[in-house]
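Below, chain A is the first sequence line, B the second, and so on; all start at residue 1. Values in this document were obtained by computation on a predicted structure and should not be read as measured data.
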Number of protein chains: 2
Amino acid sequence: MVKKKDQSTEERILASAKKIFVEKGMAGARMQDIADDAGINKALLHYYFRSKEKLFEVIFKEAAARLFPTIVNILNADLPLFDKLRRFTNDYLEIVIENPYLPLFVLNEINKQPHAFSKKVFGNNRPPIHKLAEQIEKEIRKKTIRPISPAHLVMNMMSMCVFPFLGKPMIQLSMNIDDAQFRNLMEERKTMIADFIIASIKK
Amino acid sequence: MVKKKDQSTEERILASAKKIFVEKGMAGARMQDIADDAGINKALLHYYFRSKEKLFEVIFKEAAARLFPTIVNILNADLPLFDKLRRFTNDYLEIVIENPYLPLFVLNEINKQPHAFSKKVFGNNRPPIHKLAEQIEKEIRKKTIRPISPAHLVMNMMSMCVFPFLGKPMIQLSMNIDDAQFRNLMEERKTMIADFIIASIKK
DNA sequence: GTCTATAACTCGATAGAC
DNA sequence: GTCTATCGAGTTATAGAC
């Protein structure tokens, strides 16, 4: 990174902070690392963002804002079940392929303070998983899909979308593949996951 | 925790260290927190384990030792594919249901130092995923299952087993369930995941 | 806005009494 | 083995010059 003249100081700080926080987490990150990466002085960080905590919050909120709204929109969308599955897996993967480190970053901070988090990101409305669950139950009653617990089906879908990004380094180690190959695999999953699910539940 | 008289000091330290490290990660944990939780003095931690890093290593190795060997054994086992799937999902879930915070803990430390980790845990042999992959290819050739990329199939299985534990707090938030209900769901997954996979790939 | 210098504080680690 | 007290390194945060 270091000294991109086409960016404002504030932008460079944000870019570097994102990089360092995502890499090391809130506790592991040093203001010095961020300053160095941005090619500026430590004091400037405080000039722009007052404290490490405040800076972190900005980064975290942006990360959460990138991950959640799309998900929520799709879950709420008025679409046939199979279309919704395809749309969800495709759109979610599209986002995280471009931001492969976001899921672990966000997940970790949620785990460190579940309650503070839930209010910050969701306000008072929980993520509308029940909408999708109801839709699944309806299809079961119509016998267009085999009986399956909606909770598990949703969890399966989420799992297959998110996990590879959480376990990226371990997957790369055990499969012996580089970043480009990993990315290719994830591109394939955009359609593969929905195919896999539908093959399992379709009657 | 604090002062369980039936445990030796060393055992209390280990129990508290595990709790704190798992909760906050290596960087976020404080020796003071561990000492407080164990009901002893900071200096004693150093008396028993010399340094924070050494203490962490003990905890981490134990965690990894609890997670990986079983997995490796099952992957290497000489079993028909469907039996192996059932066995893997069942046995893996059995372990993590009793240690729901291990997966995130281990995953995080892997992400922070992928190479150091790989040597520590696997030595020079990678996790034998290719064995399972070959077995899948064989079944495809025999036409007992439909054609599917072995890499994706393995990833799907892993995802559905591991993810719920990584995302536990988020899942509990969005489904509005407590620890007991979560545990019940995970018990169901012991058989549900294999059923789900087999329904998708069986011819 | 940006820098240097330094204050204020946190935390891992050690010394030394009991 | 266990404690109190303290050191010293490393970090966040601020003061003040330019």
Side-chain angles (χ1 to χ4, degrees), chain A residues 1-63 105 108-109 111-113 116, chain B residues 1-63 105 108-109 112-113 116 120:
Chain A
M1 207 123 296
V2 177
K3 293 260 176 196
K4 293 194 178 160
K5 294 288 183 181
D6 52 334
Q7 281 178 308
S8 74
T9 301
E10 186 169 344
E11 285 170 329
R12 271 188 292 141
I13 291 175
L14 286 171
S16 296
K18 180 175 171 179
K19 178 178 155 188
I20 303 293
F21 277 134
V22 161
E23 202 172 296
K24 312 200 173 177
M26 165 65 178
R30 307 282 153 234
M31 293 296 264
Q32 187 67 63
D33 300 339
I34 298 172
D36 290 350
D37 189 272
I40 56 156
N41 191 278
K42 248 189 344 175
L44 259 195
L45 297 179
H46 289 93
Y47 175 78
Y48 278 94
F49 295 95
R50 261 188 59 90
S51 72
K52 182 183 175 181
E53 205 167 317
K54 291 247 198 316
L55 176 54
F56 180 82
E57 190 132 315
V58 173
I59 300 299
F60 180 77
K61 284 206 171 132
E62 204 212 289
F105 175 63
N108 268 318
E109 302 308 324
N111 274 44
K112 260 143 211 168
Q113 6 181 326
Chain B
M1 210 124 298
V2 177
K3 294 263 177 192
K4 293 194 180 160
K5 294 286 182 178
D6 52 335
Q7 283 179 307
S8 73
T9 301
E10 187 170 342
E11 285 170 330
R12 271 190 289 142
I13 292 176
L14 285 171
S16 297
K18 181 175 171 177
K19 179 179 154 189
I20 303 292
F21 277 134
V22 160
E23 202 172 294
K24 311 200 173 177
M26 166 64 178
R30 305 281 110 98
M31 293 295 264
Q32 188 66 63
D33 299 338
I34 297 172
D36 290 349
D37 189 89
I40 57 157
N41 190 276
K42 242 189 348 173
L44 259 194
L45 297 179
H46 289 93
Y47 175 79
Y48 278 94
F49 295 95
R50 263 188 58 88
S51 72
K52 181 183 177 182
E53 206 167 318
K54 291 250 198 313
L55 177 53
F56 180 81
E57 192 133 313
V58 172
I59 300 298
F60 181 77
K61 282 204 171 133
E62 204 212 291
F105 175 61
N108 268 318
E109 302 307 324
K112 260 143 211 168
Q113 6 180 326
K120 270 185 212 163

Tell me the interatomic distance from A/F56, atom CZ, to D/dA13, atom C1', rounded to whole angstroms. 19 Å
Given atom CG of B/D33 and atom P of C/dC11, what is their separation to the nearest angstrom? 8 Å
Rounded distance in Å - CD (A/E53) to C1' (D/dT12): 12 Å
Please assess B/E23 against B/D33 for the test side chain to side chain contact (heavy atoms under 4.5 Å, CB included), listing each intermediate value before the final yes or no. CA-CA 11 Å; B/E23 202 172 294; B/D33 299 338; over 6 Å; no
Check: B/A29 main-chain N/O paired with B/K52 side-chain donor or acceptor under 3.5 Å: yes
Protein-nucleotide distance (A/M31, atom CE; D/dT14, atom P), rounded to Å: 10 Å
Please report, rounded to the nearest Å, how far the C1' atom of C/dG16 is from the CG atom of B/L44. 14 Å
Under the ring-ring contact (aromatic ring centres under 6.0 Å, His included) rule, collect the residues that match up with B/F49, sequence neighbours excluded. none
Let me know the distance between OH of A/Y48 and P of C/dC3, rounded to the nearest Å. 10 Å
Establish, with yes or no, whether the OP1 or OP2 oxygen of D/dC3 is under 4.0 angstrom from a side-chain nitrogen or oxygen of B/Y47. no
Which part of the nucleic acid does B/A29 contact within heavy-atom distance under 4.0 Å: base, sugar-phosphate only, or nothing? sugar-phosphate
Would you indicate, yes or no, if D/dT2 has its OP1 or OP2 atom less than 4.0 angstrom from a side-chain nitrogen or oxygen of B/T9? yes
Length of the NE2-P vector between A/H46 and C/dA8, whole Å: 15 Å
Kindly give the heavy-atom pair with the smallest separation between A/E109 and A/F60, and that separation in Å. CB-CE1, 3.5 Å
Report the distance from atom NZ of B/K52 to atom C1' of C/dT10, rounded to the nearest whole Å. 11 Å
